[in-house]
Every structure is written in structure tokens, then in C-alpha cells.
Amino acid sequence: MNPSTLRIATRKSALALWQAEHVAALLRVAHPGLLVELVPMSTRGDEILDKPLATIGGKGLFLKELEVAMLEGRADLAVHSLKDVPAELEPGFVLPAILPRADAADAFVSNDHAELASLPQGARVGTSSLRRQAQLRALRPDLRLLDLRGNVGTRLGKLDAGDYDAIVLACAGLERLGLAARIRSRLAAPDWLPAPGQAAIAIEARADQPAVLALLAALDDADTRLTVTAERAMNHALGGSCTVPVGAWCMLGEHGLHLRGLVGDANSGRLLHAEAASPGEQAEALGRQVAEALLAQGAGELLG
Ligand SMILES: NCc1[nH]cc(CCC(=O)O)c1CC(=O)O
């Protein structure tokens, strides 16, 4: 029997709520008559704000409470930023839909400076992402990198308070929150790589709920699924989560998939790069191939 109501578990940050509302609106259009409601909740990743994510440890810090809600029957699906979803899901869960990707670039955000290259020597840049730190170090070894966590609004507030000369955020998050005007310049491939899955919204649900999965599958975007599958397969083969210095960017063109990957060291700014193409649509194999090329260059050491 088809469910008459779908309940969406979501985090309570402005970005998470926007994404959950977006999915709710799309579901109402795809399935007229279906009732869709939000079930907002807090996760460990939201509550521990004084430490970089990389040191809190544990994959899926932003997922656990939402998954518990689904297991206990308090919610039918959860909406996530795909880049916060570990390469390997908890057993019993699947991603029945991945939405069309927004701008996957990172954003250089500053009140006084137009781009990374024009920052003065020794300028203070805020980001707690090891991937962003490693790429900043590689491009500008002179910068002072400072930790910066919290929701997008919190991070912008600290920039505006003068704690940093510039910060790095995801373009997609700023755009969704109506803050695209804060993007001074884009940090984009091939000079800069986003996190695997960045700018894609993923829907998670229980594998044992076929009627729910069928409703959710209506929102899946096949091209986005293909490219992020390659990026996530690379990350998985590197043992990755959202807390390691790994970047990936896969494009789908006329001739198939093209994947670039990097592994970095946030302290030294050392970066390893690899890329490969797949004429067909062998996304998983392509991801593993690029991961192997990175490991052959010594990526294992950088990943600790
Ligand atoms: N880790 C927080 C997070 N998770 C997803 C996004 C941006 C939206 C997206 O990538 O879909 C952000 C904010 C940021 O990195 O600036």
C-alpha cells in the first residue's frame, strides 16, 4: 500500500531546512495528494561546535540521529548534503534519490579582497576543512590558516566580525540561502577541487521500505548519480569520509566520464593529483582507478 504521508528527518540549520523544504516541494509536485512534512532534529555534528570535524572522529556525524528516527518509525526519509554522507552507508539504508547538482565550486568569501591571489602576505583565512586547508597551503604557503566551524551564517558572522580576512565556503550552500552575493570568486576545477559529492542533495531511506523508495526514486537525477558515484567510489577506495583531505570532481561529457582527484596534506600543502577517463559509464571502476593512481603516488601516507 502506498503511504499517504512522508515525514522528512532533517537537521535544523538554515541550509538543512532549505534542502528539506526543497525536497518536500519536489515530492508534492511529483506526487499530488501526498502529504509531506518535516521532522527537524539535532545531530552530534551540530552540537559539537568547538572542534574541527576531523578531530571529533566517526563517520556520519550528521546522519546518526536521522537514521535512528527512521529506524524507530518517526521519519520515512532523511535529506542530506551528499558531501556529509560517508562513502559507505549504515547497513539497511540506501540513497533512492540524488538531486541534480548545483554549482560544486567552493567560494572565496571576503569583505576586502576579490580573490585568493590578491590576499596580502600572511592574511588570515578561516576553514576547518582539511581539503580546503591543503589546497590553500599549496596555492598560498604564506597564509595563516585558522579553524572555523559552525553553520554558514555563523561562519559569515565571524568573517564580518573581523576574525578572518577571508573564508572558504561552498557556492551551493550560499546560493541556496540567498547569499550568492557573498561569493567574491569561485575556487573551481581544475585548479581547485570540491569535496566528493559537493553540491548534490541526497535522500536517504530504509532499504526495507519499497513503497517509500518508489516514491522517492521519482526525484533521482541519473547524470548526477553517475558523476558523484565516481567521486564517492574514489573516496571510498581511499578510506575516506568527509573529514579527510580528499577532493574529487567528475564530469560527464559526450565521451563519457572524466574524474580528477586529489589527496593533500593540510600541514605541508603537499598535493597529489590524478585523473582518468572512462568511455562508458563505469563510474565505480573509474573511481577505484583514480584512487589507485593516488595510492601509487603515496596517498596512503598523507591519509594517515
Ligand atoms: N559541511 C557543511 C556543508 N555541507 C554541505 C555544504 C554546502 C552544500 C553542498 O555541498 O551541497 C556545507 C557548507 C559549506 O561547506 O560551505
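Sequential numbering from 1 along the given sequence is applied to the chain's residues.
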**Request:** Give a yes or no on this: more than 12 heavy atoms of other residues, nucleotides or ligands lie within 6.0 Å of atom CD of Glu301.
**Result:** no

[Y]/[X] salt bridge by N-O under 4.0 Å criterion:
| X | Y | answer |
| --- | --- | --- |
| Lys158 | Asp147 | no |
| Arg28 | Glu37 | no |
| Arg270 | Asp265 | no |
| Asp103 | Arg186 | yes |

**Criterion side-chain hydrogen bond (donor to acceptor under 3.5 Å, both in side chains) on Gln198 and Asp106, from CA distance to verdict** = CA-CA 9 Å; Gln198 184 161 318; Asp106 274 334; 2.8 Å; yes

Is [Y] close to [X] at the side-chain level, that is, under 4.5 Å between some pair of heavy atoms?
| X | Y | answer |
| --- | --- | --- |
| Val246 | Leu262 | no |
| Val109 | Leu174 | yes |
| Ile98 | Ile201 | no |
| Val263 | Leu295 | no |
| Pro3 | Leu215 | yes |
| His80 | Leu63 | yes |
| Val125 | Arg144 | no |
| Leu95 | Leu82 | yes |

Check: [X] side chain, [Y] main-chain N or O, donor-acceptor pair, under 3.5 Å:
| X | Y | answer |
| --- | --- | --- |
| Ser81 | Asp84 | no |
| Arg260 | Pro190 | no |
| Arg155 | Thr127 | no |
| Trp18 | Arg176 | yes |
| Ser128 | Leu148 | yes |
| Arg11 | Pro40 | no |
| Ser185 | Ala114 | yes |
| Asp165 | Arg124 | yes |
| Gln297 | His273 | yes |

**Request:** Indicate whether the side chain of Asn267 and that of Gln133 have a donor and an acceptor atom separated by less than 3.5 Å.
**Result:** no

**Asked** Is there a donor in the side chain of Asn151 and an acceptor in the side chain of Thr154, or the other way round, less than 3.5 Å apart?
**Response** no

What's the separation between atom [atom1] in [X] and atom [atom2] in [Y], rounded to the nearest 0.5 Å?
| X | Y | atom1 | atom2 | value |
| --- | --- | --- | --- | --- |
| Ile167 | Phe108 | CD1 | CZ | 10.0 Å |
| Leu15 | Glu175 | CG | CD | 11.5 Å |
| Leu34 | Leu6 | CG | CG | 4.5 Å |
| Glu67 | Glu204 | CD | CD | 4.0 Å |
| Glu281 | Thr229 | CD | OG1 | 11.0 Å |
| Leu71 | Asp208 | CG | CG | 8.5 Å |

Looking at every heavy atom in both [X] and [Y], which two are closest together, and how far apart are they?
| X | Y | value |
| --- | --- | --- |
| Leu38 | Ala24 | CD2-CB, 4.3 Å |
| Ala78 | Met70 | CB-CE, 3.6 Å |
| Arg137 | Ala266 | CG-O, 3.3 Å |
| Leu187 | Trp192 | O-CD1, 3.4 Å |
| Leu294 | Leu272 | CD2-O, 3.5 Å |
| Leu271 | Gly264 | CD2-CA, 3.6 Å |

**Message:** Using side chain to side chain contact (heavy atoms under 4.5 Å, CB included), reason through Leu145 and Leu136 one step at a time and then give a plain yes or no.
**Reply:** CA-CA 8 Å; Leu145 304 185; Leu136 287 165; 3.9 Å; yes

**Request:** With Ile8 as reference, evaluate Val39, Ile203, Leu77 under the side-chain contact (heavy atoms from CB on, under 4.5 Å) test and give the passing residue.
**Result:** Leu77

**Prompt:** Given the rule in the side chain to side chain contact (heavy atoms under 4.5 Å, CB included) test, do Met234 and Leu286 qualify, once you have shown the distances and angles that lead to the verdict?
**Reply:** CA-CA 8 Å; Met234 185 199 91; Leu286 181 64; over 6 Å; no

**Message:** Let me check something: do Met41 and Leu17 share a hydrophobic cluster, defined by ILVMFWY side-chain heavy atoms less than 4.5 Å apart, either directly or through other members?
**Reply:** no

**Request:** Take Arg184 and Glu115 through the test side chain to side chain contact (heavy atoms under 4.5 Å, CB included) and record every step on the way to the result.
**Result:** CA-CA 7 Å; Arg184 296 297 297 268; Glu115 55 187 12; over 6 Å; no

**Asked** Between Trp249 and His258, is a side chain to side chain contact (heavy atoms under 4.5 Å, CB included) present by the stated rule, with each step listed?
**Response** CA-CA 8 Å; Trp249 174 237; His258 181 266; over 6 Å; no

